[in-house]
Amino acid sequence: MRTLFYILSFVIVANSCQKVIDVDLNESNSKVVIEANYSSEDSTVRLRLSLTSSYFEPSSASELNSATVSILDGNGTATFLSNIGNGEYILTNYVPTYNSIYRMNVVYNGVTYSASSELPSPVQLQPITYEFTTGFFGSGEGYFCYQNYDDPIGSENFYISVISKNGFEKNKVNDFILGDDRLTDGNTVSRPLFIDSLFALGDTASIEFRSISEDVFYYYDEIQSIAGGGQSAAPANPLKIWDNDALGYFSAYSNSRQTVIIQ
Amino acid sequence: MKYGIAFIFFLFAFISNSQKYTISGTVKDASNGEDLFGAVIKIKELSNVGTVTNAYGFYSLTLDSGEYTLLYRSTGFQTQEVKIHLINDFSKDIELSLPSDVQQIEEMKVNAEKENDNITSSGMNVTKFDPKSIETIPVLFGEKDIMKTLQLTPGVKTAGEGNSGFFVRGGGADQNLILLDEAPVYNASHLLGFFSVFNSDAIKDVSLYKSGIPAEYGGRASSVVDVKMRDGNNKKFGASGGLGLISSRLTLEAPIVKNKGSFIVSGRRSYADLFLKLSNNEDLKDVQLFFYDLNAKANYRISKKDRIFLSGYFGRDKFKLGENFGFSWGNATGTLRWNHLINDKFFSNTTIVRSTFDYEFSIGNGDDAFGIRSSIKDWNVKQDFSYFLNSNNTLKFGVSAIHHTFRPGSLTGSNESFNELILSSRYALELGAYIQNEMKIGARFNVMYGLRYSGFNYMGEGTDYQFDTNGNETGSREYSSWESIKYYQGLEPRLSASYIISEKNSIKASYNRNYQYIHQLSNSTTSSPTDNWVPSSSNVKPQIADQVALGYYQNLKKNMYRVSGEIYYKSLANQIDYRNGAELILNNQVEGDLVFGKGRAYGFEFLLEKKKGKFTGWLSYTLSRSLRTFADINEGKEFSARQDRIHDIAIVMMYKINKSLAISGTWIYYTGDAITFPSGKYEINGTFIPYYTERNGYRMPDYHRMDIGLTWYLKDKKKFEHNLNISIYNLYARENAFTITFEEDPDDSSKTQAVQTTLFKLIPSITYNFKLK
């Protein structure tokens with residue numbers, strides 16, 4: 001639904017003028033930012049620890065390699081992640097158990113930050129179908145893809161779809177396509193997906209279809225609206241997934257993939 | 001015998017002392033038979049005795065028997081003097097004429113020195129506009145626009161370029177009751193705020209109440225804008241209209257039966273999309289963007305005591321992008337009224353109103369098409385009485401009932417992916433009963449006091465949800481049709497008083513309490529027609545406003561200048577705001593995403609007007625604050641509302657160069673809106689995300705612009721008069737900020753920048769206007 005507003009504002013914006021301006025912003029104290037992903041596909045847990053920086057300055061590299069990071073499974077058994085530099089921590093060969101709740105702890109500068117996420121079962125993506133269009137919004141002609149799947153009935157499902165074009169993954173926050181089953185529970189869904197460009201004949205289109213937890217869905221929803229520059233009624237920091245005032249998220253997710261060559 | 005004579009004397013005394021008679025009737029415009037609302041009737045021989053005509057031109061004055069000279073006055077018309085010998089009740093209908101020649105204009109000017117009715121009348125804080133007086137004000141795209149002109153007066157702030165709505169004394173955009181012939185209009189803007197839905201050719205009177213709101217009005221917290229349509233010329237056929245670059249309009253009016261009934265039809269259509277077709281941009285050629293509106297009214301005098309009116313408004317905005325995307329919205333209202341004179345002191349008005357507002361998105365074409373629709377529909381029945389008790393007391397009382405149907409959203413269509421989702425409709429009954437007296441005490445003191453009872457029954461058929469403090473649903477309950485889910489009620493005292501210090505100055509004070517039972521949810525720093533209206537319910541309480549105001553008014557230099565200063569304080573309870581990430585569209589449980597708090601607004605308003613001479617105009621300055629406190633926002637600390645514009649200035653000047661040329665200019669300036677900007681940033685998935693600290697802690701850049709207009713009165717033709725109006729919006733092309741967004745620098749992804757979008761720079765327009773004589 002947000003796209004509807006973007007379309008309207010696009011037309012208005014296209015005919016108006018824009019310029020970069022100077023804005024005087026207050027500086028806030030640095031806050032801890034933790035991004036954590038546990039992908040069941042490669043059984044790997046990845047965590048990145050960083051700090052907020054002043055808005056107009058280029059972000060400064062932070063030495064956040066001295067934290068202790070661990071993940072706990074549904075039984076409470078903890079396994080530690082190793083630091084690989086640049087504030088990144090990793091754990092491989094961590095066998096997933098679907099539908100159990102994982103918890104992560106980060107101890108940094110004497111403060112313990114923790115968050116939890118349920119790992120949903122994967123939902124299978126069916127083969128991608130695609131359609132030709134003469135183009136809209138000035139993009140010229142080309143193809144766009146439909147994502148096909150059967151939504152499991154009765155459970156609340158939340159998804160992120162990541163599209164790749166010719167091997168290049170569109171994985172910036174605003175490229176993620178969010179989905180839920182509020183209107184489609186139990187249905188066979190065929191949903192058109194749009195990225196910044198259309199596909200041409202001969203292109204390879206891939207979709208990674210992630211099943212994520214509800215918290216992470218709302219987190220990305222809020223992040224996408226503020227990453228757009230702050231046009232919502234209440235531009236504010238997204239819901240807190242980590243405690244102790246840390247920003248960021250922890251997402252344990254499963255996925256399925258499909259690839260097609262446009263012919 | 002002694003007793004007999006004493007008894008006869010007693011009888012005479014009794015009879016002569018209580019021998020009062022009533023003179024009543026209507027005051028109309030002699031040229032077209034339109035009722036004159038607010039015409040003043042004064043008695044030359046008695047000071048501070050007189051009355052004012054009501055919205056239907058009716059007046060009633062009860063005096064001791066005797067000889068009097070009655071003066072009938074209305075701005076722009078020649079005063080009429082009528083000598084009467086009051087020995088029984090009688091009715092006197094008056095028609096006032098416009099000055100027909102220079103000599104009469106001069107005479108009017110002399111008599112106008114006595115036109116200090118703004119000082120001596122008790123009506124508090126009514127800003128009144130008659131379309132004649134705003135003829136030369138330049139507004140966007142050359143159209144005379146009453147709503148835009150109201151925004152040039154103190155205390156009324158525009159919601160900003162590209163936004164619909166306005167703010168009065170720090171209140172929200174949904175806190176203004178906009179009535180068109182007694183029908184509420186839910187969205188009073190076309191084209192995202194550039195045009196209001198009121199076609200000035202069809203309008204007779206606009207009254208704005210910012211404080212001391214009379215008890216007959218209820219339902220909104222901050223103001224009432226009461227717009228009355230013209231009835232139509234009941235003497236001869238009339239036509240007028242205009243042809244312009246962006247829009248055109250036509251009005252036709254004629255008698256149904258001469259002097260007894262008439263009708264008026266007024267239509268307007270814009271065609272901004274014609275210009276987009278000329279654009280080089282391929283996408284814009286595919287855009288359809290236009291609005292149209294139609295006002296129609298008929299009235300008929302059935303008998304000497306009865307008159308009926310039927311009026312309607314229908315307007316729509318349409319935006320379409322190619323074949324795949326469409327968006328439209330509009331209001332439709334219909335009003336049926338019956339005026340009945342019970343006796344010459346007792347006036348009754350019965351009204352039935354139907355009012356709807358809806359918006360609609362349509363996406364896709366053919367098999368994949370789907371649409372989202374949302375609407376609010378009202379049925380309203382009102383009965384109002386005015387009882388002109390005596391020359392010192394005018395009583396008004398009445399009742400009103402409104403049945404609201406809210407359809408917050410339905411998703412329908414043939415696209416198989418989506419389940420058809422129809423959000424449950426919600427129903428409510430809004431009730432009101434009021435009584436009010438306008439009283440004169442002695443020669444200097446006027447007071448209006450009244451009480452309004454209001455009630456709101458939120459009822460089924462429907463589901464009521466309960467939520468915890470985090471907005472998660474904890475339960476629900478089903479209700480059947482007309483079963484009460486929640487009933488709210490309140491008493492709203494309304495008081496205003498004025499004290500006439502001399503015939504040149506006065507002071508006025510007022511207090512009012514207003515309940516508001518329906519609310520508009522706005523999910524943006526900009527307000528749009530898709531902002532849903534929702535009823536109060538078990539989770540949402542009615543908004544309550546309490547306002548006190550004090551004003552001082554002075555006329556200078558024989559009424560050439562008017563100066564006034566007003567201060568006010570308003571406290572608002574049960575204000576609504578949103579949780580982070582609130583989903584306001586197609587959400588059955590939207591109430592879980594709302595948070596509640598309170599607000600306060602206070603300020604000082606200054607107005608200096610020059611009413612006479614070749615050069616007229618006004619300067620309006622408002623210094624004010626509008627603040628909110630919510631436990632869930634800004635950590636419970638008080639923050640500025642978006643409309644907390646500390647300074648707001650409007651300068652309006654009109655100059656009549658000569659008989660055929662008039663020039664006018666407007667300059668407005670206001671402090672930028674309060675806005676939330678980031679205080680830092682961090683990276684998520686390689687993208688920079690802004691980090692926010694306080695809510696509305698920053699300001700948009702100050703807004704200012706100048707508009708000018710030139711009206712060239714072309715040589716009168718035999719049958720019609722005409723003029724050409726050239727106006728320029730934003731003369732010095734200031735780039736005012738519509739939005740400021742924070743984005744990645746496209747040249748260097750490790751950096752971020754602030755980007756300002758301006759909607760409109762300099763826009764010229766030409767309109768040709770004509771009017772049959």
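Chain letters run A, B, ... following the sequence lines, proteins first and then strands; every chain starts at 1.
Only the backbone of Asp24(A) has a heavy atom closer than 4.5 Å to any heavy atom of chain B. For Val20(A), the parts lying near chain B are the backbone and the side chain together; criterion is any non-hydrogen pair under 4.5 Å. Residue Leu247(A) touches chain B through its side chain alone, counting heavy-atom pairs closer than 4.5 Å.
Not a single donor-acceptor pair under 3.5 Å links the side chain of Lys19(A) to the backbone N or O of Val755(B). Looking at Lys681(B), its side chain never comes within 3.5 Å of a backbone N or O of Ser53(A) through a donor-acceptor pair. With hydrogens and angles disregarded, no donor-acceptor distance shorter than 3.5 Å links the side chain of Asn685(B) to the backbone of Lys172(A).
Here the OH atom belonging to Tyr691(B) is positioned 10.0 Å from the OG atom belonging to Ser30(A), to the nearest 0.5 angstrom. Distance CD/Glu683(B) to CG/Leu51(A): 12.0 Å, rounded to 0.5 Å. Rounding to the nearest 0.5 Å gives a distance of 9.5 Å between CD1 of Ile21(A) and OG1 of Thr757(B). If you take NZ on Lys31(A) and OG1 on Thr693(B), they are separated by 9.5 Å, rounding to the nearest 0.5 Å.
Ile684(B) approaches Val173(A) most closely through the heavy-atom pair O-CG2, 3.3 Å.
By the side chain to side chain donor-acceptor pair (under 3.5 Å) test, Asn730(B) pairs with no residue at all, sequence neighbours left out. In this structure Glu88(A) satisfies the side-chain contact (heavy atoms from CB on, under 4.5 Å) test together with Arg48(A), Ile84(A), Asn86(A), sequence neighbours excluded.
Taking a 6.0 Å sphere around CD of Glu214(A), one finds it holds more than 12 heavy atoms contributed by other residues, nucleotides or ligands.
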